[in-house]
Amino acid sequence: MLNTYLQTSPPTKFILIQDCLQEKAHPILNLLKNHHHKLNHDLSYFIFEGNYLKINATLSSQNIKCHNFTSPSSIEALEKDLRTKLKPNSVIILDSLVHLIYLYGLKGTYEMLNNFMKEIKDGQQIIGILHTDLLENCDKVSQCMEHLSSLSIMLDPLVSRVYYTYKKVGGRVFKQIEEYRIEGGQFVTEALKKPDVHKLVQDKINEISPELLTTFKIGLTDTEKESRDSLVLPYLPKDKDATTVEGGEIFYKFDEVDDWDEEDPDDDLDI
Amino acid sequence: MLGQLTGLNLNPLLAAIKLTPKDKIVSVKEVGIADSNFIITHLIKKIFQNNEKLCFVTFHNTLNHYQIVGKKLGYDLTGKVTSGDAVILDMLKLIEENILNEDYGFVENTGAFIENLFRDIEQKTEVLANSKSNQEHTYLVIDDLSHLLDLGISIEFIIRFITWCCNLKDDSISVIVNNHVSTYEANGDLLPKDIILSNSLSYISDLDIQVSPLKTGRSNEVSGIITLARPGEETTELHYKAYDRGIKTFNPGESLMNLLK
């Protein structure tokens, strides 16, 4: 499950979250923030986009230290800042990697992150947010960043699925697809369920049921069917034990060649 | 009926937008053949009626156009410039002068052009900040940002420029940015630049206004659709009808009822 990989101990070194406008990375970030707060880890948020003061005001109340990278600075200065903020049990969030790439180029960003990754020790973590809809050639950048990451997460809001790749320290790689939903602001994932064939067939039958096509009632409930079956028509012979009624009586004699129509007249309705 | 549209409190468009100084970044997106210029002119009207300051960067229309529209809506843009409540960076005029002087630096060195533009904005907003009282708010309005792409400026520089504008020294500045996107399909695997630009604004905006044409085609009763989105809130969709002196908005399906009033 994705939640297990997000909350491993020691933490996964580099988590890459690939989001889009329709489903932003915030629910996953909130999950990670809560997890690190519980463990008393230091969270540093490197802001490259938007209004720094407004974001800082929101995040400071959540006990997250913000660092302003919205004004011009060189990649060397950024690398130096990253190193000074990287202390034992610290987590650095880069929001967003696209802005970093636009500032320093893909090559520069990759090299800087690659050098930085070599220095990361157990207990430290980097979280990078990559907005996939801000890149002309998203696949190329995505592949480069996935190569660096230990856990790469991609959200697809169209089908509510999350695709992730987790690289174990030993070298094993897990690729999974899970369903996700946001429940009360919480990011919840669950394994894809194999559909039950019988249920699918039954659903399909129910779909074409005339009951669903009409605005009036066609079928009978079990009680109504029972009531119909228990009704004895007056012209049919009754049980011998039944008390005879004084007066006139109808005797119905079936023809030798039966004229009784046993076919259901509503058979063609497929009820 | 249209007389009602000129009052600030009764203006249905401004009442629907509900712009507040807390909205630090406002993105106004026009889709396809729709024209979102009326949103900008209405927001300027609100800025002046609240006695707030304006730094206006124009790429889309001439200053004369904004003056005429302003007069129709009930404000005097050049008068506000004279009184020191507004400053205008007329980029159309600047580019025209550069071409006349055979100075093509703005296409040859786009990085320097964008940096100079930002320095100008920074300087003008500082002048406005120095002249205002503590309570006043300043708005930087850019109409429209997509024309930077037309000048051949790369998306990297434009995104950098947006970030700088959103983080000006004076923290009482809000930024209103107009941009337009085409409805054409993406070219192969590459995402069109106008979409990237628009998306980058949508990620950071506190208020995202989208003006688009009707999906069903043309209509005499409805000019188009306005979509208002704020992060964490439900999106509001309104239909609008554009008149010479104002805009009337109504909920989808209510257009006929409004016209009969």
Side-chain angles (χ1 to χ4, degrees), chain A residues 17-27 29-30 46-58 66-75 78 95-109 129-143 182 184-185, chain B residues 20-27 29 111 114-115 118-119 122 140 149 153-175 177 181 186-208 210 229 231-232 235:
Chain A
I17 306 171
Q18 302 183 58
D19 70 346
C20 56
L21 265 178
Q22 291 74 28
E23 195 67 85
K24 293 183 187 171
H26 296 124
L29 271 184
N30 288 340
F46 283 50
I47 299 166
F48 292 88
E49 66 171 342
N51 183 272
Y52 170 74
L53 291 173
K54 190 158 186 171
I55 301 169
N56 184 32
T58 318
C66 292
H67 305 280
N68 189 3
F69 285 92
T70 55
S71 42
S73 64
S74 65
I75 195 159
L78 169 69
D95 185 10
S96 77
L97 286 175
V98 173
H99 288 74
L100 235 159
I101 291 165
Y102 280 147
L103 276 171
Y104 309 119
L106 179 60
K107 189 170 172 270
T109 309
I129 301 165
L130 187 76
H131 303 318
T132 50
D133 43 10
L134 292 191
L135 291 161
E136 259 188 292
N137 192 348
C138 168
D139 292 345
K140 184 183 159 195
V141 178
S142 189
Q143 279 170 9
I182 314 292
Chain B
T20 65
K22 283 184 182 174
D23 298 321
K24 300 295 281 182
I25 305 163
V26 180
S27 160
K29 184 205 288 192
I114 209 89
E115 271 183 36
F118 176 70
R119 298 278 165 255
E122 201 174 32
L140 166 65
L149 285 174
I153 298 169
S154 69
I155 196 79
E156 287 91 338
F157 283 130
I158 302 175
I159 288 183
R160 213 176 291 178
F161 174 71
I162 300 168
T163 314
W164 292 344
C165 289
C166 296
N167 291 282
L168 282 158
K169 279 176 197 164
D170 183 3
D171 61 350
S172 69
I173 292 181
S174 290
V175 189
V177 188
V181 292
N187 177 21
D189 293 332
L190 296 180
L191 195 64
K193 286 178 183 170
D194 54 348
I195 304 275
I196 294 178
L197 185 58
S198 172
N199 286 347
S200 73
L201 285 166
S202 297
Y203 267 107
I204 56 173
S205 58
D206 301 307
L207 171 61
D208 200 5
Q210 182 178 305
T235 306

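As a basis for the values below, the full set of heavy atoms in this structure was taken, side chains included, without hydrogen atoms, waters or symmetry mates. Order of the sequence lines fixes the chain letters, A, B, ..., with proteins taken first and strands second; residue numbering starts at 1 for each chain.
Nearest heavy-atom pair, B:Tyr203 versus A:Lys24, reported as atom, atom and distance to 0.1 Å: O-NZ, 3.8 Å. The heavy-atom pair separating A:Leu135 from B:Ile196 by the smallest distance is C-CD1, 3.8 Å.
Under the side-chain contact (heavy atoms from CB on, under 4.5 Å) test applied with A:Asn51, the options B:Leu168, B:Ile173, B:Ile25 reduce to a single match, B:Ile25.
By the 4.5 Å heavy-atom criterion applied to side chains, B:Leu190 and A:Asn137 are counted as neighbours. Using a 4.5 Å cut-off on side-chain heavy atoms (C-beta onward), B:Asp206 and A:Lys54 make contact. Residues A:His99 and B:Thr163 form a side-chain contact, since some pair of their non-hydrogen atoms from C-beta on lies under 4.5 Å apart.
Residue-environment remark: NE2 (A:His67) exceeds the threshold of 12 foreign heavy atoms within 6.0 Å.
A:Tyr104 pairs by the ring-ring contact (aromatic ring centres under 6.0 Å, His included) definition with nothing, not counting sequence neighbours. For A:Asn56, the side-chain hydrogen bond (donor to acceptor under 3.5 Å, both in side chains) criterion is met by A:Ser60, not counting sequence neighbours.
The distance from the OG atom of A:Ser71 to the CG atom of B:Asn167 is 7.5 Å, given to the nearest 0.5 Å.
A:Asp19 touches chain B through backbone and side chain together, each having a heavy atom under 4.5 Å away.
Each of B:Leu201, B:Ile159, B:Ile155 has some count of heavy-atom pairs under 4.5 Å with chain A, and the biggest count is that of B:Ile159. Between chain B and the options A:Leu103, A:Asp133, A:Ile101, A:Val98, heavy-atom pairs under 4.5 Å are most frequent for A:Asp133.
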